[in-house]
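Have a look at the structure below before the remarks.
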Amino acid sequence: MKKNIFAIAAAAGLLLAGCTSVESTQNFNGLACGTPNEKATCQILVQISGYYFLGLPMITGGLGDNKFTFFTYTQTTDNAVWLLTKEAKSKGATRMINQNIMITESFVPFPFVSKRILNASATGVRSRSAAVRQATENYDREP
């Protein structure tokens with residue numbers, strides 16, 4: 001009976017385990033976001049979660065949306081910033097402002113197991129000159 005309960009709990013843990021989530025929006029509801037010289041192009045949220053046994057990684061989020069890895073420590077500032085900048089570039093941003101990175105840890109019902117979540121957010125911005133340069137390059141590429 002105990003083995004069955006542990007197997008079910010382990011399977012549920014795998015399904016709910018460490019996964020990386022990258023979300024962004026370009027909808028600011030008509031508000032002017034950014035700085036006086038730059039316009040916001042996107043707001044990005046990266047979340048990397050993972051389960052640890054006595055501080056050693058068991059399952060953590062990988063370096064991509066909906067990815068995960070086993071026995072690899074991926075919850076680093078470098079990885080979070082890499083995912084933020086990758087998403088910002090894909091949305092046309094040339095710079096990021098208001099970066100925030102936070103790690104929270106909580107203990108789960110299993111002995112010596114904890115769950116850590118790394119949250120990183122930033123606003124991608126683009127200056128007028130960068131927008132004009134990008135529009136010119138896009139126009140020149142067209143036949």
Side-chain angles (χ1 to χ4, degrees), residues 4-143:
N4 290 338
I5 292 173
F6 185 74
I8 291 170
L14 281 174
L15 293 175
L16 301 172
C19 186
T20 299
S21 171
V22 179
E23 297 182 28
S24 64
T25 184
Q26 293 181 298
N27 182 5
F28 296 104
N29 295 325
L31 291 177
C33 298
T35 65
N37 299 323
E38 298 171 314
K39 184 176 181 182
T41 60
C42 60
Q43 177 66 35
I44 307 161
L45 172 66
V46 171
Q47 186 176 49
I48 305 173
S49 59
Y51 284 94
Y52 291 79
F53 179 74
L54 293 174
L56 300 173
M58 293 187 318
I59 302 170
T60 58
L63 290 180
D65 200 13
N66 295 321
K67 303 286 184 188
F68 63 92
T69 62
F70 295 100
F71 310 113
T72 306
Y73 182 70
T74 58
Q75 294 176 314
T76 63
T77 303
D78 287 342
N79 292 342
V81 170
W82 184 80
L83 289 167
L84 285 171
T85 55
K86 180 181 171 187
E87 184 69 14
K89 285 180 183 179
S90 74
K91 301 296 184 192
T94 56
R95 194 168 80 90
M96 287 190 320
I97 60 173
N98 302 331
Q99 296 175 17
N100 184 17
I101 298 175
M102 179 178 66
I103 294 179
T104 58
E105 184 171 11
S106 60
F107 289 94
V108 294
F110 298 111
F112 309 112
V113 176
S114 64
K115 181 177 183 178
R116 292 183 195 165
I117 299 174
L118 180 140
N119 288 310
S121 65
T123 303
V125 295
R126 179 175 47 188
S127 66
R128 177 181 288 278
S129 61
V132 169
R133 185 174 50 250
Q134 187 176 19
T136 304
E137 289 173 2
N138 290 341
Y139 180 79
D140 290 342
R141 278 190 226 138
E142 292 179 2

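The shown structure was predicted, so the numbers you read here are calculated from the model rather than taken from an experiment.
Residues forming a side chain to side chain contact (heavy atoms under 4.5 Å, CB included) with S121 (at least two apart in sequence, or on another chain): Q43, L45, N100. Partners of N119 according to the side chain to side chain donor-acceptor pair (under 3.5 Å) rule, which considers only residues two or more places apart in sequence or in another chain, are Q47.
Closest approach of A120 to I101, counting heavy atoms only: CB-CG1, 3.8 Å. Closest approach of T69 and G62 over heavy atoms only: CG2-CA, 4.0 Å. Scanning both residues, S127 and T94, for their nearest heavy atoms gives N-OG1, 4.0 Å. The minimum heavy-atom distance between A122 and Q99, with the atom names listed, is CB-CG, 3.8 Å. Between L83 and V46, the closest heavy-atom pair is CD1-CG1, 3.8 Å. Considering all non-hydrogen atoms of both residues, V125 and A40 come closest at CG1-CA, 3.9 Å.
Note that CZ of R95 and OG1 of T123 are 10.5 Å apart. Values are rounded to the nearest 0.5 Å. To the nearest 0.5 Å, atom CZ of residue R116 and atom CD1 of residue I48 are 13.0 Å apart. Note that CZ of R126 is 10.5 Å distant from CZ of R133, once rounded to the nearest 0.5 Å. With values rounded to the nearest 0.5 angstrom, K89 atom NZ is found 12.5 Å from C42 atom SG. Here the NZ-OG1 distance, from K91 to T41, works out to 9.5 Å after rounding to the nearest 0.5 Å.
Counting non-hydrogen atoms of other residues, nucleotides and ligands closer than 6.0 Å to CZ of F112 gives a total of 12 or fewer.
The shortest distance between side-chain heavy atoms of L63 and T20 does not fall below 4.5 Å. Side-chain contact between M58 and V113: present, with at least one pair of heavy atoms (C-beta onward) separated by less than 4.5 Å. Considering only heavy atoms from C-beta on, F71 stays 4.5 Å or farther from P57 through its side chain.
Under the 3.5 Å distance criterion, the side-chain polar atoms of S49 are matched with a main-chain donor or acceptor of C19.
Judged as a side-chain hydrogen bond (donor to acceptor under 3.5 Å, both in side chains), the pairs with a partner in residues 70-81 (not counting sequence neighbours) are, in order, Y52-Q75, T60-T74, T76-N79.
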